[in-house]
Amino acid sequence: MKLRLLIVGAGLSGAVIARHLAELGHHITVVEQRNHVAGNCHCARDAETGVLVHVYGPHIFHTDDVEVWDYVNRFAKFHPFKHRVKTISGGQVFSLPVNLHTINQFFGTTLSPQEAADLLAQKADKTITIPQNFAQQALRMIGPQLYEAFFKGYTQKQWGVDPAELPAAILKRLPVRFSYDDNYFFHTFQGMPEHGYTQLVTHILDHPNIKVHLNTAFTQALAAGCDHVFYSGPIDAWYGYDIGRLGYRTLDFERFTHQGDYQGCAVMNYASADVPWTRITEHKHFAPWESHAASVVYREVSRPCGIDDIPYYPIRLTKEQALLQQYVARADEGRGVTFVGRLGTYRYLDMDLTIRDAMDAARHFANVTAKGEPMPAFVVRPL
Ligand code: UDP
């Protein structure tokens, strides 16, 4: 049976689900409140310089998931890309993630891998056996000096709270390496789409069974004539925020242009709490196969997300967890809508996981509808 499905949001989640179900013959309507597809990985050519800009901040594609990698390569040409990040701390530039170069630079040493591992083991706080939060995780891994130089101030600025209040999992995103490998990610596949993520998502959505409506805010009336809704907006927005708003961090980008090369790399982090921005992104370095005389640069400042701001990072501290639980319980009781993606499931999601989850959601929908069973509110649970 061919169904009429509504997908709210034309980001990665919405596009991947739309495509999968369109290929099965269903009729898909996608509504997107912005004037472009691709959500926060939207890219656009800067009119002044011609540089391809990551409008909502840097997005680097990296994954170990072969199916996801094959999927994105089906819709866009990817150039090999290795993300290398530097950080400024105490008036010096260091290599990230913390690696043998960082350790030797920081301590003024020429240690071998084993010697560096021994040094950090000696500096690590061994009284912490099971780290309960970000600060403890860092202190246990690398000790107080490296923690204070590279993580404490940055994390305070990024999240607006003391790192002792944050989950340890956030730090687990960053490896510590006892080699000179300064690749920011440790995934097998890494690359950048030649013409940006907006073109990638446009190609995913390009199917005769998919109709995309930009500049169209979701209203419950739109859902009325549909057999099922996949909702990639904020879960609390679906309920009109009636029991409160889930907290997010938003970002302000202070754009400026520069003739030539501003900083010599794509991303320079600023570790010190005294500098207001967390990082400076120079967009042309994300497309090293292009050549531009001028440069577009973003200073990135994190702050609490207000009602009219764009939500970026879910905060997920105790207060938000309790509220989330209530929204999830309500969603579980309902029928006809599945919550997907970063905002729908209120998770800190990389692009590859977003695509993986979306593929799984679409397949789950195909399976349950074939059996005449109801589609659950979540295929990947937020909690
Ligand atoms: N982080 C840090 N110092 C850095 C870079 C990252 O303390 O120089 C911490 C910070 O808490 C951040 C987390 O590690 O939120 C994850 O960093 P990642 O670069 O993955 O953040 P994203 O690019 O997703 O903003």
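Each ligand, and each atom within it, is numbered from 1 in the order the structure gives. Excluded from the calculations below are hydrogen atoms, water molecules and symmetry mates; all remaining heavy atoms, backbone and side chain alike, are included.
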Rounded to the nearest 0.5 Å, how far apart are [atom1] of [X] and [atom2] of [Y]?
X: Leu205; Y: Phe75; atom1: CG; atom2: CZ; result: 9.5 Å
X: Leu139; Y: Lys123; atom1: CG; atom2: NZ; result: 13.0 Å
X: His79; Y: Glu194; atom1: NE2; atom2: CD; result: 3.5 Å

For [X], which part has a heavy atom under 4.0 Å from ligand 1: side chain, backbone, both, or neither?
X: Phe151; value: both
X: His83; value: neither
X: Leu174; value: side chain

Find all atoms of ligand 1 within a distance of less than 4.0 Å from any non-hydrogen atom belonging to [X], and give their numbers and elements.
X: Trp159; answer: 11 (O), 15 (O)
X: Gln158; answer: 15 (O)
X: Phe150; answer: 2 (C), 3 (N), 4 (C), 7 (O), 8 (O)
X: Leu96; answer: 8 (O)
X: Ile170; answer: 11 (O), 13 (C), 15 (O)
X: Asn269; answer: 4 (C), 5 (C), 8 (O)
X: Tyr313; answer: 22 (P), 24 (O), 25 (O)

For Arg140, salt bridge (charged side-chain N to carboxylate O under 4.0 Å, His left out) partners two or more places apart: none
Side chain to side chain donor-acceptor pair (under 3.5 Å), that's the test. Do His42 and Thr198 meet it? Break it down for me. CA-CA 5 Å; His42 171 55; Thr198 305; 2.7 Å; yes
Applying the 4.5 Å side-chain criterion to the ILVMFWY set and letting contacts propagate, would Leu174 and Trp159 be lumped into a single cluster? yes
Going by the rule ring-ring contact (aromatic ring centres under 6.0 Å, His included), which residues pair with Tyr270 if we only count those two or more places apart in sequence or in a different chain? Trp277
Decide, yes or no, whether a salt bridge links Asp309 with Arg303 under the criterion of side-chain N to carboxylate O below 4.0 Å. yes
Can you tell me how the ring of Trp238 sits relative to the ring of Phe339, calling it parallel under 30°, perpendicular over 60° and tilted otherwise? perpendicular
Contact (N/O only, under 3.5 Å) between Thr87 and ligand 1: no
Compute the shortest N/O to N/O distance between Thr155 and ligand 1 and return yes if it is under 3.5 Å, no if not. yes
So is Lys152 close enough to ligand 1, meaning a heavy atom under 4.0 angstrom away? no
